[in-house]
Amino acid sequence: MNAVVLLVYLAIVVLWVVGLWVVFTKAGEPGWAAIIPIYNLIVLLKITGKPVWWVILMFIPLVNYIILLLVSLAMARVFNKGSGFGVGLWLLPFVFYPMLAFSDAQYAGPEAAA
């Protein structure tokens, strides 16, 4: 039973990382940044046009949920998706990042999030 749970968990993590890797590549950033723990947050902020100092806010309990919601909504906007998709990126990133990665969505830049 534990092996099955571990395999499902690993499959979800791999799917999420692959999706994030492709999203970073679509946005003109290096895909390998998806696997570096804090650097991937900095790249997410850069892609969405948010200030880099927000990374500090992501270490504050409860505040991090709000910041990640704002970043997810901005990520949806820079790829010309709606707010519902942004909430999906926030609540189910292992589903919505691969959807964003393997769809025909094009990166519009941080100006689209403003």
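All values below come from the heavy atoms of this structure, side chains included, with hydrogens, waters and symmetry mates left out.
- Follow the hydrophobic side-chain contacts under 4.5 Å out from Ile42 and you reach Trp53 in the same cluster.
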- Message: side-chain contact (heavy atoms from CB on, under 4.5 Å) for Phe79 and Leu89? Distances and angles first, verdict last.
- Response: CA-CA 12 Å; Phe79 280 95; Leu89 286 170; over 6 Å; no
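- Listed by first and then second residue, the salt bridge (charged side-chain N to carboxylate O under 4.0 Å, His left out) pairs involving residues 29-46 are Glu29-Lys46 (not counting sequence neighbours).
- In this structure, OG1 in Thr48 is found 9.5 Å from CG in Leu70, a value given to the nearest 0.5 Å.
- Following chains of ILVMFWY side-chain contacts shorter than 4.5 Å, one can reach Val71 starting from Leu69, so the two form part of one hydrophobic cluster.
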- Query: Step by step, would you call Val63 with Tyr65 a side-chain contact (heavy atoms from CB on, under 4.5 Å)?
  - Reply: CA-CA 5 Å; Val63 173; Tyr65 292 115; over 6 Å; no
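- Between atom CD1 of residue Ile36 and atom CG of residue Leu41 there is a gap of 12.0 Å, rounded to the nearest 0.5 Å.
- Screening residues 54-69 for salt bridge (charged side-chain N to carboxylate O under 4.0 Å, His left out) gives no qualifying pairs among residues at least two apart or on separate chains.
- Cluster annotation: Leu62 and Ile67 are assigned to the same hydrophobic cluster (Ile/Leu/Val/Met/Phe/Trp/Tyr, side-chain heavy-atom contacts under 4.5 Å, transitive).
- Between the CG atom of Leu20 and the CG atom of Asn40 there is a distance of 6.0 Å, given to the nearest 0.5 Å.
- Checked against side-chain contact (heavy atoms from CB on, under 4.5 Å), Leu68 has the following partners two or more places apart in sequence or in another chain: Met58, Trp90.
- Among all heavy-atom pairs drawn from Val17 and Ala34, the shortest one is O-CB, 4.2 Å.
- Pairs of residues two or more places apart, or lying in two chains, never qualify as side chain to side chain donor-acceptor pair (under 3.5 Å) while including a residue from residues 2-23.
- Tyr107 contributes a side-chain N or O that, together with a main-chain N or O of Ile47, makes up a donor-acceptor pair within less than 3.5 Å.
- Within the structure, salt bridge (charged side-chain N to carboxylate O under 4.0 Å, His left out) pairs that include any residue of residues 93-103 do not occur (at least two apart or interchain).
- Here the shortest heavy-atom pairing between Pro98 and Pro93 reads CD-O, 3.6 Å.
- Here the CE-CG distance, from Met75 to Leu44, works out to 4.5 Å after rounding to the nearest 0.5 Å.
- The two residues Ala101 and Gly19 make their nearest non-hydrogen contact at CB-O, 3.3 Å.
- Of all the heavy atoms in Gly86 and Ser72, the pair that sits closest is O-CB, 3.3 Å.
- By the ring pair (Phe, Tyr, Trp, His ring centres under 6.0 Å) test, Tyr39 is found to be paired with Trp32, residues two or more places apart in sequence or in another chain being considered.
- Every residue was checked against the ring pair (Phe, Tyr, Trp, His ring centres under 6.0 Å) condition with Phe24, not counting sequence neighbours, and none meets it.
- For residues 82-99, the set of pairs meeting the salt bridge (charged side-chain N to carboxylate O under 4.0 Å, His left out) definition, not counting sequence neighbours, is empty.
- When the side-chain contact (heavy atoms from CB on, under 4.5 Å) test is applied to Leu91, the partners found at least two apart in sequence or on another chain are Val87.
- Every residue was checked against the side-chain contact (heavy atoms from CB on, under 4.5 Å) condition with Ile56, not counting sequence neighbours, and none meets it.
- By the side-chain contact (heavy atoms from CB on, under 4.5 Å) test, Ser103 is found to be paired with Lys26, Lys81, Ala105, residues two or more places apart in sequence or in another chain being considered.
- A continuous path of ILVMFWY side-chain contacts below 4.5 Å connects Val13 to Val8, so both sit in one hydrophobic cluster.
- You'll find the side chain of Leu73 stays beyond 4.5 Å of the side chain of Phe85, heavy atoms only.
- Clustering ILVMFWY residues whenever any of their side-chain heavy atoms sit less than 4.5 angstrom apart, transitively, puts Leu7 in a cluster other than the one holding Leu15.
- Listed by chain and number, the hydrophobic cluster partners of Val14 are Val18, Val22, Phe102, where partners are ILVMFWY side chains within reach of under 4.5 Å, directly or through others.
- Taken from CG in Leu57 to CG in Asn64, the straight-line distance is 9.5 Å, to the nearest 0.5 Å.
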